[in-house]
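See below for the structure under consideration.
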Amino acid sequence: MSDFGCKLRLCYRDSVIVIVDKPAGMLVHRSGIDAGETVFLMQTLRDQLGQHVFPVHRLDKPTSGLVMFALNSPTARALSQLFEQGEVQKIYTAFVRGHTPQTLNIDHPLRDEVDSQGRKTKEGTVREAATELRTLTSWTVPEPVDRYPEARYSQVELRPLTGRYRQLRRHMKHISHPILGDVRYGKGTHNRFIHERLGLKRLWLHANSLAFQHPDTGELLTVESDPPEDFKAMHTWLTNVAEGHDHG
């Protein structure tokens with residue numbers, strides 16, 4: 001059970017759409033996967049706004065960032081269709097293991113890990129999946145981690161061109177640059193090193209931009225989220241330790 005003691009930050013709101021900044025560790029809505037959770041983004045937002053909200057997409061529980069809701073059923077159907085047809089451009093930032101290429105197109109099919117009801121399945125359909133990667137910064141940390149004398153990390157921008165289950169996390173594992181803090185697809189030695197040195201524990205993945213055509217007005221909208229405080233702390237720490245300013 002998680003404790004989220006603050007109001008949600010609204011990044012966009014009009015008469016039919018609201019886009020909120022989801023904290024890391026909060027479920028979007030009730031799920032059989034986390035039966036013990038009692039706090040959900042959808043209900044928290046509903047109570048904060050004092051009106052019903054309709055989910056149109058989701059983020060993994062450990063991922064922070066932008067989640068869009070509709071404020072009525074017709075808008076929910078229209079927005080869901082935009083997401084299903086790949087007409088919402090999503091940009092994420094992540095901290096990953098290793099020095100990544102400056103740019104990379106990851107085209108790697110993924111097998112469904114859950115069925116349409118969200119239940120785990122081993123015989124899922126294999127579907128095309130594509131992600132664009134752009135490296136923002138890379139660091140070399142002069143400390144031994146695992147069996148290497150130094151550690152390498154990068155901050156990347158990720159644009160999923162398809163919407164497969166845990167696509168970004170699985171694609172980054174596929175190219176051997178797993179997202180830091182990923183307990184399922186990542187590397188425990190690096191996750192523990194970051195946690196011990198930085199004192200922060202999370203999946204280092206943040207949904208920071210949504211661009212789409214408003215279903216009512218036709219206006220092209222881009223909504224962005226500022227990096228969370230822990231992302232700023234991670235960037236500062238990596239920069240300082242890579243430049244030899246951090247000896248803690």
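In what follows, every heavy atom counts, from backbone to side chain, and hydrogens, waters and symmetry copies are set aside.
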Sequence neighbours excluded, the answer for side-chain hydrogen bond (donor to acceptor under 3.5 Å, both in side chains) partners of Thr135 is Thr100
Not counting sequence neighbours, list each pair that qualifies as a side-chain hydrogen bond (donor to acceptor under 3.5 Å, both in side chains) and has a residue in residues 82-95. none
Taking the ring of [Y] and the ring of [X], is the distance between their centroids below 6.0 Å?
| X | Y | result |
| --- | --- | --- |
| His190 | Tyr153 | yes |
| Phe40 | His29 | no |
| Trp139 | His235 | yes |

If the condition is ring pair (Phe, Tyr, Trp, His ring centres under 6.0 Å), which residues does His206 pass it with, not counting sequence neighbours? Phe231
Check salt bridge (charged side-chain N to carboxylate O under 4.0 Å, His left out) between Arg169 and all other residues, then give those that pass, not counting sequence neighbours. Asp60, Asp182
Who pairs with Arg46 by salt bridge (charged side-chain N to carboxylate O under 4.0 Å, His left out), at least two apart in sequence or on another chain? none
Name the atoms and distances for all side-chain donor-acceptor pairs under 3.5 Å in residues 8-19, with sequence neighbours left out.
residue	atom	partner	partner atom	Å
Arg9	NH2	Asp21	OD2	2.8
Tyr12	OH	Asp14	OD2	2.6
Arg13	NH2	Gln51	OE1	3.4
Asp14	OD1	Val16	N	2.8
Asp14	OD1	Ile17	N	2.7
Asp14	OD2	His214	NE2	2.7

Assess whether a salt bridge exists between Arg134 and Glu132, defined as any Lys/Arg side-chain N lying under 4.0 Å from an Asp/Glu carboxylate O. no
Residues two or more places apart in sequence or in another chain: which of them pass side chain to side chain contact (heavy atoms under 4.5 Å, CB included) with [X]?
| X | value |
| --- | --- |
| Glu196 | Arg192 |
| Lys232 | Pro227, Glu229 |
| Pro109 | Val126, Glu128 |
| Ala70 | Phe54, Val56, Thr75, Ala76, Leu79 |

Report the C-alpha distance between Leu203 and Phe95 in whole Å, list the side-chain angles of each, state the deciding distance to 0.1 Å, and finish with yes or no for side chain to side chain contact (heavy atoms under 4.5 Å, CB included). CA-CA 9 Å; Leu203 174 70; Phe95 291 100; over 6 Å; no
What side-chain donor-acceptor pairs closer than 3.5 Å can you find for residues 171-178, not counting sequence neighbours?
residue	atom	partner	partner atom	Å
His171	ND1	Thr131	OG1	2.8
His171	NE2	His108	O	2.9
His174	ND1	His108	NE2	3.4
His174	NE2	His108	ND1	3.4
His177	ND1	Arg97	O	2.8

Hey, what else clusters with Val183 if you join Ile, Leu, Val, Met, Phe, Trp, Tyr whenever side-chain heavy atoms sit under 4.5 Å? none
Rounding to 0.5 Å, atoms CD1 (Ile194) and NZ (Lys187) come to a distance of 13.5 Å
